[in-house]
**Q** 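Quick one: this structure, given as structure tokens, is what I'll be asking you about.
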Amino acid sequence: MTRRVSILGATGSIGCSTIDLIARDPAAYDVVALTGGRNIARLAEQARALGAEIAVTSDEALLPDLRAALDGTGIACAAGPEAIVEAARRPADWVMSAIVGAAGLPPGLAALEEGATLALANKESLVTAGPLILETARSHGARILPVDSEHSAVFQALVGEEISAVERVIITASGGAFRDWPLEKLSEASLSEASSHPNWDMGQRITIDSASMFNKALELIETREFFGVEPSQIEVIVHPQSLIHALVGFNDGGLMAHVGPADMRHAIGYALNWPARKELPVERLDLARIGQLDFRAPEDARYPALRLAREVMEARGMAGAVFNAAKESALDGFIAGRIGFMDMAGVVQDVLAQLSGDTGLMSAAFSLDNVRAADHMARVRAEENMAGDNAPQRSDTWT
Ligand code: NDP
Ligand code: MG
């Protein structure tokens, strides 16, 4: 029996790895919807190769290009955020949520409302709206399977275990591009230096977030939301080899570690084949050749994002949406050369501090509208803060 699958964010790093797995067994799948952003050539090529029902770009201005690229194929085309949500609603058994950023939340919710199994790479969904997305899954009898490698690892370590026996969850971090840089050099880190990851081949945004550990900060919150453990039970450890993805510590003192190559096709394939395990085209580790695995504590001064994530976990409510949106804006600012690498954490901290007093906003009930409002306010504030940073100093104006 074939399974109906859709891939949101098909043209990205996770999307392409998902397609790599699906394309190895074409008779097993009917591809329903593929969505992308600006990479129309890739989206059209994927839709043709997989015989998708519909291809959707988030960018309405690019619809004529998509139409032209799919002319004569019979594949439907659409554009815009609403069209992506509609595509996610098409009947499917399994939907990959791999759009980057807060834009991934509405289509993921739509897929859950239709009862699809949601393979969740888009960690921002859990960070911004954890209770909403879990409740939507519950009330529609839909399942969420984690795709982030650490969360897939925890999920696998928990098979057959009681969550009440869990003492702690340890997620690993490579330490990113600047793990071994002198601290005082970090403020000068360039965009190209921040965009290269020591172990993983990923999209540019998550690669920069790995260097700053904003990615791990999002994953702390994601762990708390997905597995329902207390913030005090979650630890981050720097593990430069990126071979252990997470460990679960139980009340008898034992630790279960998940070990595998740094290849997202493992976690994607686990979610695709769950509850079965099937052969996957990932490297088999040669432990004797690897020789050793190293661990060290993350330094607070190098990775201020981790402290901010702990504050967000305490505050709850809309703090996750504010944190994520401020982080996305600060990242845009860094990519555009408007702020330095270490300024990103400062922008996020200031936005959290400024909005923390707005209890109406921060304590609002979890709904898509309230999450959007918090996201919007955080972006406005982050923008103001960055404009302030760039504004000419008074003394400059007067000289
Ligand atoms: P990429 O940047 O490689 O891809 C992002 C995808 O989203 C692309 O298809 C892109 O389209 C599309 N997209 C971008 N902006 C929008 C928008 N506003 N609306 C709709 N679609 C949009 O990201 P990754 O694949 O690296 O990451 C995807 C998600 O998975 C993120 O949430 C990330 O945190 C998470 N993740 C990624 C991992 C990895 O190894 N890459 C590991 C664990 C989690 P286009 O390229 O055509 O413009
Ligand atoms: Mg991860």
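In each ligand, atom 1 is the first atom listed, and ligand 1 is the first ligand listed.
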**Q** Give a yes-or-no answer on whether the side chains of Gln292 and Asp294 include a donor-acceptor pair shorter than 3.5 Å.
**A**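 Their side chains do contain a donor-acceptor pair, which is all the 3.5 Å distance test asks for.
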**Q** Decide if atom CZ of Arg38 counts as having more than 12 heavy atoms of other residues, nucleotides or ligands within a radius under 6.0 Å.
**A**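 Atom CZ in Arg38 is not crowded, with 12 or fewer foreign heavy atoms closer than 6.0 Å.
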**Q** For ligand 1, list every N/O pair with the protein closer than 3.5 Å, one pair per line with the distance.
**A**
unit_1: ligand 1; atom_1: 3 (O); unit_2: Ser13; atom_2: N; d: 2.9
unit_1: ligand 1; atom_1: 7 (O); unit_2: Val100; atom_2: N; d: 3.4
unit_1: ligand 1; atom_1: 9 (O); unit_2: Gly9; atom_2: O; d: 3.3
unit_1: ligand 1; atom_1: 9 (O); unit_2: Thr11; atom_2: N; d: 3.4
unit_1: ligand 1; atom_1: 9 (O); unit_2: Thr11; atom_2: OG1; d: 2.7
unit_1: ligand 1; atom_1: 9 (O); unit_2: Gly12; atom_2: N; d: 3.1
unit_1: ligand 1; atom_1: 11 (O); unit_2: Thr11; atom_2: OG1; d: 3.2
unit_1: ligand 1; atom_1: 11 (O); unit_2: Gly37; atom_2: N; d: 2.9
unit_1: ligand 1; atom_1: 25 (O); unit_2: Ser13; atom_2: N; d: 3.1
unit_1: ligand 1; atom_1: 25 (O); unit_2: Ile14; atom_2: N; d: 2.9
unit_1: ligand 1; atom_1: 26 (O); unit_2: Gly203; atom_2: N; d: 3.1
unit_1: ligand 1; atom_1: 30 (O); unit_2: Ala121; atom_2: O; d: 3.4
unit_1: ligand 1; atom_1: 32 (O); unit_2: Glu124; atom_2: OE1; d: 2.7
unit_1: ligand 1; atom_1: 32 (O); unit_2: Glu124; atom_2: OE2; d: 3.4
unit_1: ligand 1; atom_1: 41 (N); unit_2: Ser13; atom_2: OG; d: 3.4
unit_1: ligand 1; atom_1: 46 (O); unit_2: Thr11; atom_2: OG1; d: 3.4
unit_1: ligand 1; atom_1: 47 (O); unit_2: Thr11; atom_2: OG1; d: 2.7
unit_1: ligand 1; atom_1: 47 (O); unit_2: Gly37; atom_2: N; d: 2.9
unit_1: ligand 1; atom_1: 47 (O); unit_2: Arg38; atom_2: N; d: 3.2
unit_1: ligand 1; atom_1: 47 (O); unit_2: Asn39; atom_2: N; d: 2.9
unit_1: ligand 1; atom_1: 48 (O); unit_2: Arg38; atom_2: N; d: 2.8

**Q** Protein N, O or S atoms less than 2.8 Å from the Mg ion (ligand 2), ignoring waters?
**A**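 As for protein N, O or S atoms lying under 2.8 Å from the Mg ion (ligand 2), they are Asp148 OD1, Glu150 OE1, Glu219 OE2.
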**Q** Would a distance-only check, ignoring hydrogens and angles, find a side-chain to backbone donor-acceptor pair under 3.5 Å from Arg168 to Gly249?
**A**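 No: the side chain of Arg168 does not pair with the backbone of Gly249.
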**Q** Check for me, please, whether Leu120 and Val159 land in the same ILVMFWY cluster - side-chain distances under 4.5 Å, paths through other members count.
**A**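 Linked, Leu120 and Val159 end up in one cluster.
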**Q** Quiz question: by atom type and distance under 3.5 Å, do the side chains of Asn122 and Ser125 form a donor-acceptor pair?
**A**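 A pair is found: one side chain offers a donor N or O, the other an acceptor, under 3.5 Å apart.
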**Q** If you draw a 6.0 Å radius around CG in Asp358, do more than 12 non-hydrogen atoms from other residues or ligands fall strictly inside?
**A**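 More than 12 heavy atoms, drawn from other residues, nucleotides or ligands, come within 6.0 Å of this atom.
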**Q** Are a donor atom and an acceptor atom from the side chains of Ser174 and Asn199 found within less than 3.5 Å of each other?
**A**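 Side chains of Ser174 and Asn199: no pair found under 3.5 Å.
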**Q** Begin with the C-alpha distance, continue with both residues' side-chain angles, and end with the deciding distance and a verdict on side chain to side chain donor-acceptor pair (under 3.5 Å) for Thr223 and His151.
**A** CA-CA 7 Å; Thr223 304; His151 306 75; 3.0 Å; yes
**Q** Take atom CZ in Arg310; do more than 12 heavy atoms of anything else shown fall under 6.0 Å from it?
**A**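 Enclosed: over 12 neighbouring heavy atoms sit under 6.0 Å from CZ of Arg310.
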